[in-house]
Each structure stands twice: as C-alpha cells, then as structure tokens.
Amino acid sequence: MKDRTNHTCRVLALFFCLTVLAGCLFSCRGSDVPLTPGLSLIEGVPVYEDDVAMKTDHVTVTPGMMGYFFYTYGATVLAGLETQKPFDENRRLHDQMYSETQSFYDAIMSETISHISYMLICCEAARAEGVTLSEAQRTALENRITGYRMEAAASYGITIEAYLQGLYGPRMTEADLRAVLELETLANSFSTTVSKRLESGITDGQVAEYMREKGISDETPSRNIAFLFLPFEGGKPAEDKIADVSAAMTATPDAATLQSQTVGTYGEEENLTPSNSGIAVIGEWLFANGRAVGDWTRLDTEGATYMLIYTGNGMSYGEVQARRDLYDHAFSNWYNGWVEALTFGYNYDCLDSYDVD
C-alpha cells in the first residue's frame, strides 16, 4: 500500500524549494489581464496594491497568505495531478503542460484560487450575519501559532518569521499566518453551518416531487456506519491501539464500543450508497456481497486506519439521489448569489509569480 505520509513529505520537500519570483518579492504592481491565460478565475477586476494578492469586498488575501495556500493546498493538488501525469521536479511548473490549455502551474493555481474563493465567500456570508470566531476558536488558533514558534526555536533555532518564510515564501509573516488561520477557521465553521441549513431546508414533499418528476424509483436501502479513525504513527498503522480496539469489538461488536475508545476519533456516516461512500475501500467493504448489519472490520487507507461497523440501513438509493440533487441545486443558488453580490479583485502579477526555482 502506498504510504501517503512519505508521499506528502516528498511533495512538500519539493515545495520547500519553491520561491516567490522577483515580481512578488519586491512589488506586486498588478496588471490588467492574467499573465497566465490558462488560469481559471471568477470574473473580477485587477488590483494594483502591493500588499494584496486577491480580495473581495471585506476580506483580503495578502501575497504572504497566497504563498501559504499555494504551498499547502497547492501541494495537495499537485499530489493529485501527478497521479494523472508525471512532471519534472527540476523544471518550472509554468513550463510543463498538464493539458492542452493548462500548464501544471495553471492547474495548481486555478484549484488553489477556487478553494480560496469559496473560503472568501463563506467569510463574507458569515460577516453579513454577524458571525465571528468564538473565544475557543481563537484560543485554538493562537495555540497553533505557538506551535509554529516552538518548532522554529526547538528544531531549527530560528525565529518564527524565518521559519514561516522557509515554509511559505519570503513574504510570509506571523501576521499573515494569523490572518490565514482566522480565515480558514471562520470559513470552515460557516461552511458547516451553510451545509446544515441547506440540508434542513429540503422537505420530504420536495423530495417526493423531485423523484416523480425525474422518474427516480430505486428502493434499495442505503447503509449506515460508525467508525473510529486512527492516524498512522511514524508512517505506519498504530498496531497496539488497533489491537486493543479489535479486542473490544470482538467482545462487544457495536457502535457504542467504538465510541467508548479513546485512542482515535469516533464518527458516524448515514445513507451511504456505492456512489457516495467517499473512501473507496470503505465502499468496497460496505457493499460487498453478503455484507450484514453488525459486520465490522479494520481498513487501512493512505495515512490512517478505520475501524468500522455496519450499523443499519437508511433511506432508499432513490431518496439519497434526490436529496443530493436538491442540495446541489440549493448550494449552487447560494454560492452563485454570493458570486454575483461580491466584487473579486486579483493582482495578476502576484498570482502568476509562484513557481519552482
């Protein structure tokens, strides 16, 4: 099995060699059109401010913050791209084509900007409702910054600024890190709020009507699971912890047993079908021939082990499909409404300036 931890470390090691080019090192003056034609952006306006990479009406992403997103989220994107097409680590991403219309750089930055755009929308929507970070969220955020500071001093004997710049580029500062974490925390929290709100707004009557209109009639029951998530330790499964959980499940095979374990993170998923089970190995196990309620197993994935149990059935496949379609429609309306309401600004010189040196 491929070790995702080692793979991610290799990708991040590559990104340690990334640098912000001269245009963003000294000045991000902003040009009128994207320098990279293959970049995919929400329609917006050019920005000419040196300390702005991207912005909406009330939220700004600085060049340092953009470096953070490019070197973290972008690394995840790159890991996915290279499973489809190899790239040369010794050449600039701009100079290697991923598709007929996009270089590797275009593909990575486009996905990164799409990710940021959604977070900016969530933060703007939260602001409109007067939602801010809680004290607990702010405390957790400051603890993460303290962790960076301690790692910089203890492991490398350098300041947090030097450490951050080694990770995320020469324009990254502690203030940028704090702004990034505030943006991510608020966006993730409000995104969950939006999802729950949209889901709760879908009525049984709407689902029934949609199924009639679309001719959806699959009555196969979906399936529910409970699971315990145990991250790998040192790149390998935590065998001692897994053995303890397995012993407990052998004695009492139910969801309560998993929930009582303190060595991992407990969770539940409902209404799973072969097409929406997420992690492939979970779907393969859950929908295997002969699978029965109460069956449990251990599944190793890339970077973690799942101990899970099939706990029962949920709504029909047809209803799951209808609710998913109605949710997608509601989400699109919500998202597109905010795209129309906001003005997106881009410093194109800056967005085009992150690459392998």
Inset, instruction - Check whether any side-chain heavy atom of F104 lies under 4.5 Å from a side-chain heavy atom of R92, and answer yes or no. - result: no
Inset, instruction - May I ask you to check whether Y317 and S275 show a side-chain donor-acceptor distance below 3.5 Å? - result: no
Inset, instruction - Could I get the full list of side-chain contact (heavy atoms from CB on, under 4.5 Å) partners for N276, not counting sequence neighbours? - result: L272, T273, V320, R324
Legend entry - Closest heavy-atom pair and its distance - G38, S110: O-OG, 3.7 Å
Legend entry - Minimal non-hydrogen separation, M315 against N271, with atom names: N-OD1, 3.0 Å
Inset, instruction - For the residue pair W296 and S246, establish whether any side-chain heavy-atom pair is separated by less than 4.5 Å. - result: yes
Inset, instruction - Give the minimum heavy-atom separation between H94 and S103, together with the two atoms involved. - result: O-CB, 3.5 Å
Inset, instruction - List in chain and number order the residues that pass ring-ring contact (aromatic ring centres under 6.0 Å, His included) with H115, two or more places apart in sequence or in another chain; answer none if no residue qualifies. - result: Y73
Legend entry - Which atom of T301 lies closest to which atom of I279, heavy atoms considered: CG2-CG2, 3.8 Å
Inset, instruction - Check step by step if salt bridge (Lys or Arg N to Asp or Glu O under 4.0 Å) holds for E199 and K196. - result: CA-CA 5 Å; E199 287 171 357; K196 291 179 178 179; over 6 Å; no
Legend entry - Cluster link L78 to L39, ILVMFWY, side chain under 4.5 Å: yes
Legend entry - Carboxylate-amine/guanidinium contact R91 D95, below 4.0 Å: no
Legend entry - Considering all heavy atoms, the nearest F287-S277 contact: CE1-CB, 4.3 Å
Inset, instruction - For this output row, return yes or no: ring centroids of Y105 and F70 closer than 6.0 angstrom. - result: yes
Legend entry - From CD1 (I145) to CG (L177), nearest 0.5 Å: 5.0 Å
Legend entry - Listed partners of Y266 passing ring-ring contact (aromatic ring centres under 6.0 Å, His included), at least two apart: none
Inset, instruction - Please tell me if the side chains of F344 and L41 come closer than 4.5 Å, counting only heavy atoms from C-beta onward. - result: no
Inset, instruction - Give a yes-or-no answer on whether the side chains of N143 and T146 include a donor-acceptor pair shorter than 3.5 Å. - result: no
Legend entry - Polar contact flag, side-chain donor to acceptor under 3.5 angstrom, Y68-D176: no
Legend entry - Given M307, E233, Q261, the one that forms side chain to side chain contact (heavy atoms under 4.5 Å, CB included) with K241: E233
Run the side-chain donor-acceptor check on residues 181-188: report pairs under 3.5 Å with partners two or more places apart or on a different chain.
residue : atom : partner : partner atom : Å
E182    : OE2  : R138    : NH1          : 3.3
T185    : OG1  : L181    : O            : 2.7
N188    : ND2  : E184    : O            : 3.2

Inset, instruction - Tell me, yes or no, whether the heavy-atom count around R178 atom CZ, taken from other residues, nucleotides or ligands under 6.0 Å, exceeds 12. - result: yes
Legend entry - Contact check, side chains of F87 and Y98, non-hydrogen atoms, under 4.5 Å: no
Inset, instruction - Look at the side-chain heavy atoms of Ile, Leu, Val, Met, Phe, Trp and Tyr, link any pair under 4.5 Å apart, and say whether V180 and Y71 land in one connected group. - result: yes
Legend entry - salt_bridge(D204, R323) N-O dist < 4.0 Å: yes
Inset, instruction - Mind listing the closest non-hydrogen atom pair of T305 and D300 along with its distance? - result: OG1-OD1, 2.6 Å
Legend entry - Pairs touching residues 214-229 that satisfy salt bridge (Lys or Arg N to Asp or Glu O under 4.0 Å), sequence neighbours left out: none
Legend entry - W334 and F331 aromatic ring geometry - parallel, tilted or perpendicular at 30°/60° bounds: tilted
Legend entry - More than 12 heavy atoms of other groups within 6.0 Å of E340 CD: no
Legend entry - Donor on one side chain, acceptor on other, Y310 and T297, under 3.5 Å: no
Inset, instruction - Can you sort out the partners of T252 under side-chain contact (heavy atoms from CB on, under 4.5 Å), two or more places apart, ordered by chain and number? - result: D254, T257
